[in-house]
Amino acid sequence: MAVLDGQGTFSEQWLSAGEKKIVPVPAGNRTDGSLGRRITEGCRTAGADAVLVMRPSAGAAAPADRLPPTDPVLVALSPPLLLAAANLEGAVLFSGPGYALVAGTSAFLTGAAPEGVDQARARFARYARAAVRKWPVLESTARSFPPGHIAWKNPRDVLEATATGQQLALMRDVAAGRCTGAEFAVGWLDARRRSQQRGERVRDPLETLLDRVFSLLEDYSIDPQFKEPDDLSDDELKNAVIELLRKAE
């Protein structure tokens, strides 16, 4: 299946297979470490063992070079350029200076756009406003890929049925003693992943609140047999969450 159509853009047939989504991301005059990481991590999470490097020209792609995802050659390449996962789960289209389009399945975008589809689109819109004088095309690109969700600011704004809403519900449950620390940690981290995959967005002060909970869980061991002396205990985790909720609500 061809990744690009005759116009040099992602083909509808390829995008519809696996319900792929598109995320615009900042880029300079050449590929850099940021774009390199996106294709590398996208291949890793999508299970691709190689990157196909193609030069789109006259609406078609020339024969592809097959490289390992971590090959340093992927950095400092000039556009036009297509970097595709060997299993075609995702790709990075770098048509010209200023931006690139990252497209792929949810598995690919978990690595290629770990900030989430909507968060990445919102960040690109801010970048486009700042860099539009240098690259005027950024403005129309940002309009073509708007965020699909409102960015929630406070816990009271979040819909209960969302994954972000489940994160907050689990925080209230552990604070009230309705679940153990381990149950909270497993459920909260799973809800965080689903929130990112769905493109749910948050902004301060809610963003800071959720980031602090994530930091707490980095210091908490879900499996008791791997608990280290400096790790948070269940009571310490519970009390920290209570304090965060008190300040937020």
Side-chain angles (χ1 to χ4, degrees), residues 19 21-27 34 37-38 41 45 99-104 106 109-132 138-179 181 183-220 232 236-249:
E19 299 182 350
K21 295 181 179 179
I22 301 175
V23 178
V25 297
S34 177
R37 282 190 297 275
R38 289 187 185 279
E41 289 302 306
T45 55
Y99 76 99
L101 297 179
V102 179
S106 60
L109 291 177
T110 295
E115 64 270 61
V117 171
D118 268 17
Q119 192 80 342
R121 289 180 175 182
R123 289 177 181 176
F124 184 81
R126 293 193 291 271
Y127 160 74
R129 288 192 293 271
V132 68
L138 297 179
E139 198 168 43
S140 61
T141 302
R143 286 198 302 268
S144 297
F145 302 101
H149 296 84
I150 296 172
W152 297 304
K153 182 178 180 180
N154 297 295
R156 63 178 177 272
D157 301 329
V158 182
L159 301 176
E160 293 182 6
T162 63
T164 304
Q166 186 173 1
Q167 287 177 275
L168 293 167
L170 284 164
M171 290 170 65
R172 298 183 186 108
D173 284 347
V174 75
R178 291 190 290 267
C179 68
E183 290 169 339
F184 165 70
V186 171
W188 195 92
L189 290 171
D190 179 65
R192 177 184 170 89
R193 283 190 292 271
R194 287 187 285 107
S195 173
Q196 293 173 334
Q197 290 170 354
R198 294 176 182 179
E200 296 175 4
R201 292 195 300 130
V202 295
R203 57 192 176 102
D204 280 339
L206 179 56
E207 183 176 15
T208 296
L209 170 67
L210 297 179
D211 284 346
R212 287 178 177 171
V213 175
F214 182 72
S215 294
L216 286 174
L217 294 180
E218 288 186 320
D219 294 326
Y220 175 79
L232 293 173
E236 288 171 330
L237 176 62
K238 174 182 175 179
N239 291 335
V241 172
I242 289 173
E243 181 62 16
L244 289 174
L245 283 173
R246 184 188 67 78
K247 291 178 179 179
E249 299 183 329

Do [X] and [Y] come close enough that some side-chain heavy atom pair is under 4.5 Å?
X: L217; Y: L237; result: yes
X: V25; Y: S34; result: no
X: Q167; Y: V158; result: no
X: I242; Y: N239; result: yes

Does a sphere of radius 6.0 Å around [atom1] in [X] hold more than 12 heavy atoms from other residues, nucleotides or ligands, not counting ones at 6.0 Å or beyond?
X: R172; atom1: CZ; result: yes
X: E160; atom1: CD; result: no
X: E243; atom1: CD; result: yes

Notebook entry, point to check: Just how far is it from atom CZ of F124 to atom CD of Q119, taken to the nearest 0.5 Å?
Noted result: 15.0 Å

Checking side-chain contact (heavy atoms from CB on, under 4.5 Å) against [X], which of [options] comes through?
X: T164; options: R192, Q196, E200; result: E200
X: F145; options: V23, D118, V117, L101; result: L101
X: T208; options: L210, D204, D211, L206; result: D204

Next item on the list: Using a strict 4.0 Å threshold on nitrogen-to-oxygen distance, state whether E183 and K238 make a salt bridge.
Entry: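 Looking at E183 and K238, the cut-off is not met.
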
